[in-house]
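Read through the structure below, which is laid out as structure tokens, and then see the notes.
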Amino acid sequence: MSTGELLDIEPQELQFPFELRKQISCSLQLSNKTEKYVAFKVKTTNPKKYCVRPNTGVVLPRSTCDVIVTMQAQKEAPGDMQCKDKFLLQSVVTSPVATAKDITPEMFNKEAGHHVEECKLRVLYVAPPRPPSPVREGSEEGSSPRASVSDNGNLSASEFSAASRGFVERYEPQDNSSEARALILKLTEEKNSVMKQNNRLQQELELLRHQTRKSGSGIPFIYVVLIGLIGIILGYLVKKT
């Protein structure tokens with residue numbers, strides 16, 4: 001910050017993020033630290049290159065004023081990115097009734113006896129802000145971990161571990177599905193075996209009933225009960241599988 005008797009000026013350097021074929025602006029803040037009305041005027045060594053708004057004005061007591069400096073779009077960049085342009089901000093005490101229209105060049109004439117405060121400002125070209133880097137493909141959510149190769153062609157321990165975990169996660173479900181298919185096949189075979197035994201018992205029961213009807217003699221009650229219990233157990237096993 002440049003501190004004078006009348007105005008504080010911030011910043012003391014006009015920094016432009018230089019880009020070809022693009023208008024670039026920066027701002028100055030003028031702070032009146034007195035109880036007086038202060039008129040100001042902004043000059044530059046290259047008026048065709050810059051637009052200053054406002055280039056003249058009045059700063060009220062204990063108040064501030066913003067000045068916007070716009071550099072016109074440039075077709076060529078200087079080889080060393082150095083700028084020789086300069087700005088000069090002049091300030092002088094004026095009457096309370098003065099406005100921007102009342103400011104004249106004569107007010108800033110030192111030879112006429114006016115007390116003129118001056119502040120020189122230089123111009124700097126700075127690098128433009130970098131755009132955000134794109135998201136890497138391997139960092140997307142849900143993607144499998146990928147191993148990267150270091151400069152010497154070897155995988156680091158952490159990268160190898162991550163790649164190994166991804167390999168196991170991809171192939172373990174296949175092993176589990178094979179075990180499930182084997183279990184289902186075994187249960188199906190047992191179910192078919194039980195159903196065959198149940199059918200054979202039903203056929204034997206029908207044969208006994210047929211022989212009983214022919215002979216007219218009854219089947220012992222205990223034998224019928226055992227046959228029924230066996231049929232109930234086999235039916236329960238079939239439903240469970």
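All residue numbers refer to positions in the sequence shown, counting from 1. Just so it is clear, the model here is predicted, and its values are computed rather than measured.
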What's the verdict on side-chain hydrogen bond (donor to acceptor under 3.5 Å, both in side chains) for Q90 and E117, showing C-alpha distance, side-chain angles and the deciding distance? CA-CA 6 Å; Q90 297 176 308; E117 193 172 277; over 6 Å; no

Indicate, with yes or no, if F87 and L124 share a hydrophobic cluster defined by side-chain heavy-atom contacts under 4.5 Å among Ile, Leu, Val, Met, Phe, Trp and Tyr. no

Side-chain touch Q72/Q23, heavy atoms, less than 4.5 angstrom: yes

Starting from I9, can I reach L6 by hopping between I/L/V/M/F/W/Y residues whose side chains sit under 4.5 Å apart? yes

Are the side chains of S27 and D66 in touch, meaning some heavy atoms are under 4.5 Å apart? no

Regarding T44 and N46, do their side chains bring together a donor and an acceptor under 3.5 Å, going by distance alone? no

Can you confirm whether E118 sits close enough to L89 that some side-chain heavy atom of one is under 4.5 Å from a side-chain heavy atom of the other? no

If you group Ile, Leu, Val, Met, Phe, Trp and Tyr by side-chain heavy-atom gaps below 4.5 Å, do M107 and V59 land in one group? no

Please verify the inter-ring angle class for Y50 with F16; under 30° counts as parallel, over 60° as perpendicular, anything in between as tilted. tilted

Derivation of the side chain to side chain contact (heavy atoms under 4.5 Å, CB included) call for K86 and K120: CA-CA 7 Å; K86 299 284 191 300; K120 294 181 180 181; over 6 Å; no

What distance do N55 atom CG and K41 atom NZ have between them, rounded to the nearest 0.5 Å? 7.5 Å

Evaluate side chain to side chain contact (heavy atoms under 4.5 Å, CB included) for V42 paired with V69, printing each intermediate quantity in order. CA-CA 10 Å; V42 182; V69 181; 5.7 Å; no

Donor-acceptor pair, side chain of N32 and main chain of K36, under 3.5 angstrom: yes

Report yes or no: does N192 contribute a side-chain atom to a donor-acceptor pair with the main-chain N or O of E189 at less than 3.5 Å? no

Is any side-chain heavy atom of Y37 closer than 4.5 Å to a side-chain heavy atom of S95? no

Side chain to side chain, V52 and V67, heavy atoms closer than 4.5 Å: yes

Would you give the length of the straight line joining atom CG of L185 to atom CD of E190, rounded to the nearest 0.5 angstrom? 10.5 Å

Determine the minimum heavy-atom distance between E106 and A112, stating which atoms define it. OE2-CB, 3.3 Å

Is the NZ atom of K22 crowded by more than 12 outside heavy atoms at less than 6.0 Å? no

Should D8 and L30 count as side-chain neighbours, where that means a heavy-atom distance under 4.5 Å? no

Do L7 and V38 come within less than 4.5 Å of each other through their side chains, counting heavy atoms only? yes

Answer yes if V123 and M81 sit in the same cluster of Ile, Leu, Val, Met, Phe, Trp and Tyr residues linked by side chain heavy atoms under 4.5 Å apart, and no otherwise. yes

Interatomic distance, R62 atom CZ to S31 atom OG [nearest 0.5 angstrom]: 11.0 Å

In terms of heavy-atom contacts, C26 and L14 come closest through SG-CD2, 3.6 Å

Where is the tightest heavy-atom contact between A100 and V58, given as atom of each residue plus distance? N-CG2, 4.3 Å

When you compare the side chain of I24 with that of P17, does any pair of heavy atoms fall below 4.5 Å? yes

When clusters are formed by joining ILVMFWY residues with side-chain heavy atoms under 4.5 Å apart, either directly or through shared neighbours, do I103 and F40 land in the same one? no

Between K33 and E5 (salt bridge meaning N to carboxylate O under 4.0 Å), is one present in this structure? no

Distance check, rounded to the nearest 0.5 Å: Q202 atom CD versus I230 atom CD1? 12.5 Å

Rounded to the nearest 0.5 Å, how far apart are CD of Q82 and CZ of R122? 8.5 Å

Shortest non-hydrogen contact between S25 and I68, atoms and distance: CB-CG2, 4.2 Å

Would you give the length of the straight line joining atom CD of Q74 to atom SG of C83, rounded to the nearest 0.5 angstrom? 8.5 Å

